[in-house]
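For ligands, and for the atoms within them, numbers begin at 1 and follow the listed sequence. Because the structure is a prediction, the values reported are computed rather than measured.
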Amino acid sequence: MQTTYNGISVPTDGEVIGYEDGKFIVPDCPIIPFIEGDGIGRDIWKASQRVFDAAVAKAYGGKRSVKWFEVLAGEKSYGLTQEWLPDDTVRATVDFRVSIKGPLTTPVGGGIRSLNVALRQLMDLYQCIRPVKYYDGVPSPVKHPELVDIVIFRENTEDIYAGIEFRQRTPEADKFISFVNNDMLKGSKKKIRLDSGVGVKPISITGSKRVVRAAIAFAVKTSRKTVTLVHKGNIQKFTEGAFREWGYEVATSEFRDHVVTERESWILGNCESDPDLTAEENAVLIEPGLEFASREFRDAVIAEVKHTIGSIGYSHGNGRWKDKILINDRIADSIFQQIIIRPSGYSVLATTNLNGDYISDAAAAQVGGLGIAPGGNIGDGYAVFEATHGTAPKYADKDVVNPGSVILSGVMLFDFLGWTEAARLIESSMGKTIQQKFVTYDFERQMQGATKATTSEFATRMIENM
Ligand SMILES: NC(=O)c1ccc[n+]([C@@H]2O[C@H](COP(=O)([O-])OP(=O)(O)OC[C@H]3O[C@@H](n4cnc5c(N)ncnc54)[C@H](O)[C@@H]3O)[C@@H](O)[C@H]2O)c1
């Protein structure tokens with residue numbers, strides 16, 4: 001381990017967070033690297049750090065404290081080191097395992113290494129976690145935002161984000177298209193147009209299972225009622241459809257005592273409503289129109305009914321399934337409707353990468369938007385928490401924007417460290433401050449009778465409210 005990174009000394013009064021046997025070892029004074037971020041990141045970080053320190057001091061009376069360690073990236077880094085992302089920054093983030101960052105400018109024109117992509121790849125941060133929950137008083141475009149309490153686990157390493165793309169009419173694209181058209185699709189009517197750009201969408205068992213595993217483990221740990229696998233498997237059977245299939249496999253093979261799938265719940269429920277029901281009758285109830293299906297399909301559904309009753313009738317039957325975590329799945333387009341029309345029916349979502357990208361922002365919009373949407377990128381042994389909005393350059397250095405996204409990312413960080421008392425203190429003081437209608441411009445203009453606070457005033461009021 002180095003004693004300085006980018007020429008900045010590591011705090012000598014803190015300790016490094018450890019990781020052994022799948023568990024983090026958190027000292028009372030952990031060193032946590034932070035990147036303040038560009039643009040509004042500068043205003044927000046200052047305010048957020050004061051809130052974090054006050055909450056930790058209040059919760060632990062001096063027994064615990066975070067030793068913040070600034071690492072450089074983005075414009076500040078370029079100004080000081082002529083590098084947008086120095087190797088030392090990447091190294092510090094890896095060495096200290098848990099870090100937090102504000103938004104960074106991604107210079108247009110390419111050629112600049114993206115910190116998010118670099119860190120994600122290096123530490124294999126395969127889960128992008130976005131909790132979406134309502135704080136009383138926050139302006140919302142929906143009638144019942146208080147019903148939204150959803151945590152999204154988005155796969156973070158593959159899908160179309162794998163970056164395997166070829167620009168149209170390049171030799172690579174031509175070669176790729178020719179191979180697919182003339183070899184893979186030989187004899188088929190399907191063809192890729194010759195003037196296409198092409199991208200590859202890999203979805204692996206490894207990538208899918210580990211993110212679903214993390215989502216279900218979270219649901220078990222936090223007593224959540226459902227985990228929904230979100231996919232577009234009706235169209236993309238071997239990628240999105242496979243994600244669904246592998247998700248159910250993880251649920252039933254690794255979490256059997258804790259979960260019931262939606263179909264299993266129907267089968268067991270049908271038996272309880274009518275103890276004389278035959279497997280054939282039960283199959284028709286769970287699969288309406290089954291009598292018109294092929295013999296092979298009918299047999300498969302009947303076998304599924306028998307298998308369910310035989311394998312979990314004893315452990316999950318007689319209504320015991322109602323106390324288990326329900327594992328269901330929804331097609332990606334329908335989940336956009338569902339979280340608006342029936343948000344209380346959804347608690348944890350496990351998604352492929354692209355679907356998760358869209359659904360995270362759509363869900364956040366219901367509870368106040370990106371200004372207060374936190375996020376975390378988690379791998380085995382590593383975590384980077386971050387604001388989900390950008391650098392909003394036109395508001396930079398004006399001390400006006402909402403620091404909520406970074407502050408709530410800090411709540412995630414403290415929960416992650418097991419410092420739940422500090423996390424709850426921050427959450428409740430944020431709730432209280434918003435209820436007092438003491439809010440930054442973005443909320444003030446949507447609330448009746450609110451007082452417009454600056455970024456720093458909002459933080460100060462939060463500290464007073466702890
Ligand atoms: N994680 C990241 O580092 C990250 C994420 C997204 C965008 N970016 C970068 O940010 C820059 C600007 O991107 P953009 O304009 O598309 O998105 P943006 O999120 O920076 O801003 C869009 C608008 O959202 C509002 N807004 C955002 N954050 C707010 C806050 N905390 N409080 C109040 N209002 C807020 C503002 O009205 C702003 O004009 C680009 O360089 C982009 O690459 C970085």
Side-chain angles (χ1 to χ4, degrees), residues 33-49 51 71-78 84-85 89-90 93 99-120 125 128-130 135 138-141 154 156 161 353 356-358 360-362 364-365 367-378 383-413 430 433-434 438-447 450 452-459 462:
F34 71 91
I35 293 165
E36 68 174 17
D38 298 327
I40 56 171
R42 292 188 285 272
D43 301 293
I44 291 177
W45 176 257
K46 280 190 224 69
S48 303
Q49 190 182 335
V51 170
V71 288
L72 303 175
E75 292 165 10
K76 186 170 186 176
S77 171
Y78 192 75
W84 292 97
L85 175 58
T89 297
V90 177
T93 318
S99 59
I100 184 163
K101 68 176 273 287
L104 291 170
T105 306
T106 312
V108 182
I112 307 292
R113 186 158 66 133
S114 151
L115 177 75
N116 286 341
V117 174
L119 296 183
R120 204 176 295 155
L125 303 172
C128 175
I129 305 182
R130 295 275 297 268
Y135 290 85
V138 171
S140 161
R154 164 186 167 197
N156 217 11
Y161 293 72
N353 205 339
D357 195 356
Y358 296 154
S360 297
D361 281 15
V367 297
L370 293 182
I372 62 159
N377 295 293
I378 317 285
V384 180
F385 297 90
E386 66 170 342
T388 54
H389 55 71
T391 57
K394 76 175 179 184
Y395 295 107
D397 304 311
K398 295 199 169 115
D399 194 26
V400 295
V401 294
N402 194 336
S405 180
V406 170
I407 291 177
L408 293 177
S409 300
V411 168
M412 290 180 77
L413 182 149
M430 179 175 281
T433 309
I434 294 168
F438 192 77
V439 287
T440 47
Y441 81 93
D442 50 322
F443 283 5
E444 185 264 346
R445 65 187 173 191
Q446 301 178 67
M447 288 163 86
K452 183 154 73 177
T454 63
T455 311
S456 48
E457 285 168 348
F458 181 80
M462 272 190 69

Is there at least one pair of N or O atoms, one from Val401 and one from ligand 1, spaced under 3.5 Å apart? no

Regarding ligand 1, does Pro393 bring an N or O atom to under 3.5 Å of one of the ligand's N or O atoms? no

Considering all heavy atoms, the nearest Val138-Gly368 contact: CG1-CA, 3.6 Å

Close-contact set for ligand 1 against Asn402 heavy atoms, below 4.0 Å: 30 (C), 31 (N), 32 (N), 33 (C)

If you look at every heavy atom in Thr93 and Ser99, which pair is closest and at what distance? CG2-OG, 3.2 Å

Using a 4.0 Å cutoff against the non-hydrogen atoms of Tyr395, which atoms of ligand 1 qualify? 36 (C), 37 (O), 39 (O)

Side-chain donor-acceptor pairs of residues 386-396 under 3.5 Å, sequence neighbours excluded:
unit_1, atom_1, unit_2, atom_2, d
Glu386, OE1, Lys101, NZ, 2.8
Glu386, OE2, Asn377, ND2, 3.0
Thr388, OG1, Ala373, O, 2.6

Could you check whether any side-chain N or O of Thr455 sits under 3.5 Å from a backbone N or O of Asn402, counting only pairs where one atom can act as donor and the other as acceptor? no

When you measure from the heavy atoms of Leu104 to every atom of ligand 1, does any distance fall below 4.0 Å? yes

In Thr454, Thr440, Ile40, Ile44, the residue satisfying side-chain contact (heavy atoms from CB on, under 4.5 Å) with Asp399 is Thr454

Looking only at distance, does Thr105 have an N or O less than 3.5 Å from an N or O of ligand 1? no

Looking only at non-hydrogen atoms, which of Pro403, Ser405, Ala373, Ala392 approaches atom 21 (O) of ligand 1 most closely? Ala392

May I ask which of Gly390, Gly102, Gly375 has a heavy atom nearer to atom 13 (O) of ligand 1 than the others do? Gly390

After noting the C-alpha distance and the side-chain angles of Ile100 and Trp45, does the key distance pass the side chain to side chain contact (heavy atoms under 4.5 Å, CB included) rule? CA-CA 10 Å; Ile100 184 163; Trp45 176 257; 3.6 Å; yes

What I want to find out is whether Lys398 reaches Asp43 closely enough, with some N-O distance under 4.0 Å, to be called a salt bridge. no

In terms of atom number and element, which parts of ligand 1 are under 4.0 angstrom from non-hydrogen atoms of Lys101? 1 (N), 3 (O)

Side chain, backbone, both or neither: which part of Thr391 comes within less than 4.0 Å of ligand 1 when only heavy atoms are counted? both

Under 3.5 Å, side chain of Asn353 to main-chain N/O of Tyr161, donor-acceptor pair present? no

If you take all heavy atoms of Val439 and Glu444, which pair is closest and at what distance? CG2-N, 3.6 Å

What about Tyr441: any of its N or O atoms under 3.5 Å from an N or O on ligand 1? yes

Report, in ascending order of atom number, the atoms of ligand 1 lying under 4.0 Å from any heavy atom of Glu386. 1 (N)

Just to be sure I read this right, does ligand 1 sit under 4.0 Å from the backbone of Ile40, its side chain, both, or neither, counting only heavy atoms? side chain

